[in-house]
Each structure stands twice: as structure tokens, then as C-alpha cells.
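Residue numbers begin at 1 in each chain, while the letters A, B, ... track the order of the sequences. Just so you know, these numbers use all the heavy atoms, side chains as well, and skip hydrogens, waters and symmetry mates. Just so it is clear, the structure is predicted and the values come from calculations on it, not from any experiment.
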Protein chains: 2
Amino acid sequence: MRDFATTEARLDITIAKYPAFPRQPAIVTRLVKHLFKEINDDANAAMRRYGLNHPEYNILMMLYGTPDNSLHPSELADVAGEKSANVTRLTGQLCDKGYIVRSGSEDDRRKVTLTLTPEGVEAIEGFLPDIVTLLHRQTRNLTSDEQGQLEVLLKKMLGGFGE
Amino acid sequence: MRDFATTEARLDITIAKYPAFPRQPAIVTRLVKHLFKEINDDANAAMRRYGLNHPEYNILMMLYGTPDNSLHPSELADVAGEKSANVTRLTGQLCDKGYIVRSGSEDDRRKVTLTLTPEGVEAIEGFLPDIVTLLHRQTRNLTSDEQGQLEVLLKKMLGGFGE
DNA sequence: AGTATATAGTTCATTTGTGTATATTCAATA
DNA sequence: TATTGAATATACACAAATGAACTATATACT
């Protein structure tokens, strides 16, 4: 995204042609799209040297964020924002790489438990320094306060979906 | 995304395991990801009955946002946040549907000009009422003021990428 | 002019993601 | 207990997106 000023211009033209088009909501959603694409491309590039892509990284981190390094596929789909069919594929890849293992659960035999292996944890802790740098870079234009404000607003907006 | 409180919990655990992990940047980027996925799924679902998906919708709107309903592929890639190879494919589909036309430019013979057809404009103005509703729904939890604040913060954050 | 370098766009092989159907198990209730 | 309906995960066919290589044109420099 070079120049967001032209976005304003495009919106002006759009509204001139179609006055009911809501300016503010359109700007916000377009900004979110652009930001996501940047974050995504950035993370993909960073993870490349580790033989992982952004969704795989995401999956690993969601598991790492649990006390016992494990989640069920449906939970994973939910927290990682991936479709369940995609989780099956992604976790399959990560199994092949030896970073996670699949096991059935006794309490509910429909469920599968996905758990990080020691190699998985090692891999995570290997790339985390790069990720830390990345995250700081991605938010470098915002003060801590502003990040806090952004958090509040994004959560609020997110709350409007899904019911 | 069910419950963002669990995101906080995951982050706490992650930080306990790896103290250098930056809380605030991680929250913000995760929120952006989730929000994008929601916006994307939502828009895909809404455009379905028009035989279009979100990226195609986006391309059409970017063209509609210009005085003469036209852009070059590279401009389109930039403003729509798509890779150029993908723009080729997407615009090809839209050509097939009769919504845009491709033409060469005389001033720079490397360039191609993509222009909405009257049918394209008609299609846009056909689905825009739904989009207007959609945009309002997606931002319903935010006041106009808050949308303004969000705009400022997102722009600021976006400014930190790419140099 | 001639050569090198950059830009615009496309093509193609591969990777990544989606929707739908299916098998299995669980939960509710008649 | 038998039956119905929901939930979990997967398989598979198809759709979408990416990276890298390639063609053609333009620009800069000597």
C-alpha cells in the first residue's frame, strides 16, 4: 500500500456516484484489509527461512499458548481463524515435520488431541527472536498507549460480528 | 472467533514461557487477523448470490472509485492489496463475466488498461445496497467517533510498514 | 546508437484454502 | 433402549493465491 491518500480520493468519487455509500465504515474495513495483507506478507517472508508459512506459525503459537501445549482441532480452528478442513491439512503438515503429534482422546472419542512435540517447542523457541523483532517493527509507529486504544477499538468492532 | 478473553489467557501463558514476547503488539496483530477473516468471510457470503467473491468485489470497487472507471493492473494490485499475478487472474475472470474490458495503452505499450463496462457498473450498483447494509453491520458496535479514532490509529500503524 | 537496467504484465507449477459430503461418536428424549 | 439430531474430524474435488521465470517495452547511461 503506497499511498492511502488516494484511497480517500477513490472514496470521494465512489460517494459522488453512489451517495449512500458509507464513508467511515468503508475506510475502516479497507484499512483492516490492507493491514492484514501487510502483516501476512511480512510474516510469510519472515517464516520462510524456517520452512513455515504464516498459518503454520499461527497454529504452533496457539498450541504454545496452552498450559500443556495441546488443543483439539476445532478449538484450533476457532482460535487461529482457520476453517476446520484447513486445520486438518495444516496440522497434517506439521505432523509430517515432527512438530506436533495427533492422539485420540478417551473422554470423547470423536476428538483428536494435537500436541507440540519437544522438537516443535524447540522450533518455536528458535524462531521467536525473529518474531519478536517482527512484532515490534510492525507496531513501531504506535506508542504503547495507542496500541492500547487500538486494542480496545478492534475488540469492540470484532464484538459486532457473529450474532 | 468465540471468545477473545481466551486470547489473553494464551498470551499470558506464552509470555510465561517466553518473557520477551511482546504482549501489546501480539494482541493488536492477532485482532487484525481475526477481524480480517470475519470481514472476508462476511463479504464472501454476501457476494455469493451475485456470483462474485470478495477479491472480485474489491477489484470492481477500486475501478468504480476512479473518474473514468479504469486503472492499470499494477495500480490495481497496489490499491487492492493483491499480488500482480493474482490481479491477472481476477481481472481475467471479470472480463469473462463481461464486467470489465482490457485494452492496451498507446503512451506506454507495456501497460494495459482495465475499464468497467456498462454491465460492470450496473452490476456494482445492483449489489451496492447489500454492501451498504453489510458495512453498517460490520461497524455497528462503533460510534462515528470511534470509527474516526480507529481510522487514525490504523493509518498510523500501516505507515510503519514498507520502509 | 548501443547496452544495461528497470518496469509492466503474464504464464506456469506449486502451494494454500474452501465447500460439501461422509464416518464416527455423543447427547437428548421418546 | 432406540431414535433422532448435533458435534468432531476428515476426505476429496475444486477454487484461489503465490513465487519464480519469462516476454516485451521503456529508461538511463556510456
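Comparing atom distances between the A:L90 side chain and each of C:dG17, C:dG9, C:dT18 picks out C:dG17 as nearest. Checked against D:dA9, C:dT10, D:dA17, the side chain of A:P73 finds its nearest nucleotide in D:dA9. When distances are taken from the side chain of B:R110 to each of C:dT18, C:dT25, D:dA26, the shortest belongs to D:dA26. The B:A85 side chain lies nearest to C:dC12 when the options are C:dC26, D:dT10, C:dC12. Among the nucleotides C:dT11, D:dA20, D:dT25, the one closest to any side-chain atom of B:R109 is D:dT25. Listed nucleotides D:dA26, C:dT11, C:dT18 differ in distance to B:D108; the shortest reach to its side chain belongs to D:dA26.
When the side-chain nitrogen and oxygen atoms of B:S74 are compared with OP1 and OP2 of C:dT7, none of them lie within a distance under 4.0 Å. Using a 4.0 Å cut-off, no side-chain N or O of B:K111 falls inside it from OP1 or OP2 of C:dA8. For A:R102 and D:dT10, the shortest distance from a side-chain N or O to OP1 or OP2 is below 4.0 Å. The shortest distance between the side-chain N/O atoms of A:N53 and the OP1/OP2 oxygens of C:dT16 is below 4.0 Å. At least one side-chain nitrogen or oxygen of A:Q93 sits closer than 4.0 Å to the OP1 or OP2 atom of C:dT16. Side-chain N/O atoms of A:R48 include one lying less than 4.0 angstrom from OP1 or OP2 on D:dA20.
Place A:T113 and B:S84 on DNA chain D by their nearest nucleotides, and A:T113 ends up nearer the 5' end. Looking at which nucleotide of DNA chain C each of B:D41 and A:D107 is closest to, the 5′-most match is held by B:D41.
With rounding to whole Å, B:R89 atom CZ is found 16 Å from C:dT16 atom P. Spacing between atom NZ of B:K83 and atom P of D:dA20 amounts to 12 Å, rounded to whole angstrom units.
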Check the pair B:Y99 / B:E122 against side-chain hydrogen bond (donor to acceptor under 3.5 Å, both in side chains), numbers first and verdict last.
CA-CA 9 Å; B:Y99 293 164; B:E122 197 180 346; over 6 Å; no
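Judged by the 6.0 Å distance and 45° axis criteria, B:K33 is not positioned over the aromatic ring of A:F36.
Annotation: side chain of A:M47 is not in contact with side chain of A:E56 (no heavy-atom distance under 4.5 Å). Using a 4.5 Å cut-off on side-chain heavy atoms (C-beta onward), A:N141 and B:F161 make no contact.
Two rings, from B:Y50 and B:Y57, have their centers 6.0 Å or more apart.
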